[in-house]
Amino acid sequence: MPKINSIVVILIHHSTIYAMQIKSFTFNPFMENTYVLYDETKEAVIIDPGCHEKSEKAALMEFIKENRLVPVKLLNTHCHIDHVLGNAFVKTTYDIPLWFHRDELPILESIPAYASNYGFANYQPSQPDHFISEGEVIKFGKVALKTLFVPGHSPGHLVFYHEPSKVCIAGDTLFDGSIGRTDLPGGDHDTLLRYIKKNLFELPDEVEVYPGHGPSTQIGKEKDSNPFVGKLARF
Ligand SMILES: [Zn+2]
Ligand SMILES: [Zn+2]
């Protein structure tokens, strides 16, 4: 049945067009999740590099080298210290531009004043190369990521959404059974709840949420059972 075989081949080939891969690392004492997204073209983006120790930087470099990836952009969901510790290292190692939302700049610029209090005396500052606006499409390889604005944990927090594979990189907005803290400078609890409902809970239930800390979850699961913002919200 050669005809049927050729149809199968076409379908498999078609599905690979949208095959974005996700690699996660958990770095630094805050147990922050760093993500590398890439596709079959080998182009990659690095999101929230929290690598600080030599061994952490080596693990990230090793993965990129082993998979022959070509990082093309460095993205921050937001600029709290645990998400940007490796910014300078990644920028200089791969000579790629740093992108984040304009409202995160004061958050990034405040870090040198307190980094040593958190035990990061050799923190290396980094400068942005481009400010991402809400709704901007970020491209690498054959992938196009949508940007969703979800402030409240921090003032310019973005979530990166890959619609074809129903995956989002959510930073510290929505966690498995929790939400981002809102007691840090620029945080606001009501704003976070409002934007999670407006921009995340509008996504399909099956969308997999990869957060800045802890395991992944799904939009539908959090809509049903999240104690802060779901149907069962108690706060
Ligand atoms: Zn944060
Ligand atoms: Zn964090």
Side-chain angles (χ1 to χ4, degrees), residues 22-37 45-53 56-57 59-60 74-90 98-120 123-126 128 131-132 134 147-161 167-196 199-200 208-217 222 226-229 235:
I22 301 174
K23 168 69 180 174
S24 69
F25 299 86
T26 301
F27 287 147
N28 74 54
F30 293 96
M31 304 293 283
E32 184 268 353
N33 293 331
T34 293
Y35 295 99
V36 178
L37 310 185
V45 292
I46 299 169
I47 304 180
D48 292 355
C51 43
H52 179 67
E53 299 297 328
E56 295 172 337
K57 292 172 182 171
L60 179 63
L74 166 58
L75 309 176
N76 289 155
T77 58
H78 68 299
C79 292
H80 285 149
I81 188 167
D82 49 328
H83 296 251
V84 305
L85 281 165
N87 266 8
F89 162 74
V90 166
L98 170 59
W99 289 23
F100 57 74
H101 190 282
R102 180 185 299 277
D103 293 350
E104 290 298 309
L105 188 59
I107 306 294
L108 184 71
E109 289 179 334
S110 70
I111 293 176
Y114 71 80
S116 60
N117 297 342
Y118 281 84
F120 304 111
Y123 168 77
Q124 301 285 318
S126 55
F131 291 127
I132 305 167
E134 182 179 1
T147 56
L148 310 174
F149 188 52
V150 188
H153 170 72
S154 65
H157 198 303
L158 295 173
V159 170
F160 304 113
Y161 177 44
V167 157
C168 71
I169 306 298
D172 293 354
T173 56
L174 185 64
F175 298 120
D176 181 11
S178 190
I179 58 170
R181 58 188 288 187
T182 51
D183 57 334
L184 297 167
D188 184 81
H189 188 74
D190 291 342
T191 301
L192 180 58
L193 295 186
R194 195 166 74 246
Y195 277 91
I196 287 174
N199 287 344
L200 294 184
E208 194 75 18
V209 177
Y210 289 88
H213 304 268
S216 68
T217 182
E222 297 310 316
N226 190 292
F228 296 90
V229 71
F235 301 96

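Atoms within each ligand, like the ligands themselves, are counted from 1 in listed order.
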Checklist entry - Does the ring centre of Phe25 sit less than 6.0 Å away from the ring centre of Phe27? => result yes
Next on the checklist: Only to 10 degrees, please: what angle do the OD2 atom of Asp172 and the NE2 atom of His83 make about the Zn ion (ligand 2)?
Outcome noted: 90°
Next on the checklist: Could you check whether Asn76 and Asn87, counting side-chain N and O atoms only, form a donor-acceptor pair closer than 3.5 Å?
Outcome noted: yes
Checklist entry - Measuring to the Zn ion (ligand 1), does His153 have an N/O/S atom at a distance below 2.8 Å? => result yes
Checklist entry - Parallel, tilted or perpendicular for His83 and His78, by the 30°/60° rule? => result tilted
Next on the checklist: Restricting to N, O or S atoms, which atom of His80 is closest to the Zn ion (ligand 1)?
Outcome noted: ND1
Item to check | Atom of His189, atom of Ile179 and distance for their closest heavy-atom approach | outcome: CE1-CD1, 3.7 Å
Checklist entry - the Zn ion (ligand 2) is nearest to which N, O or S atom of Asp82? => result OD2
Checklist entry - Does Asn199 reach the side chain of Val159, with side-chain heavy atoms less than 4.5 Å apart? => result no
Next on the checklist: Checking one value in my table: which N/O/S atom of His213 lies closest to the Zn ion (ligand 2)?
Outcome noted: NE2
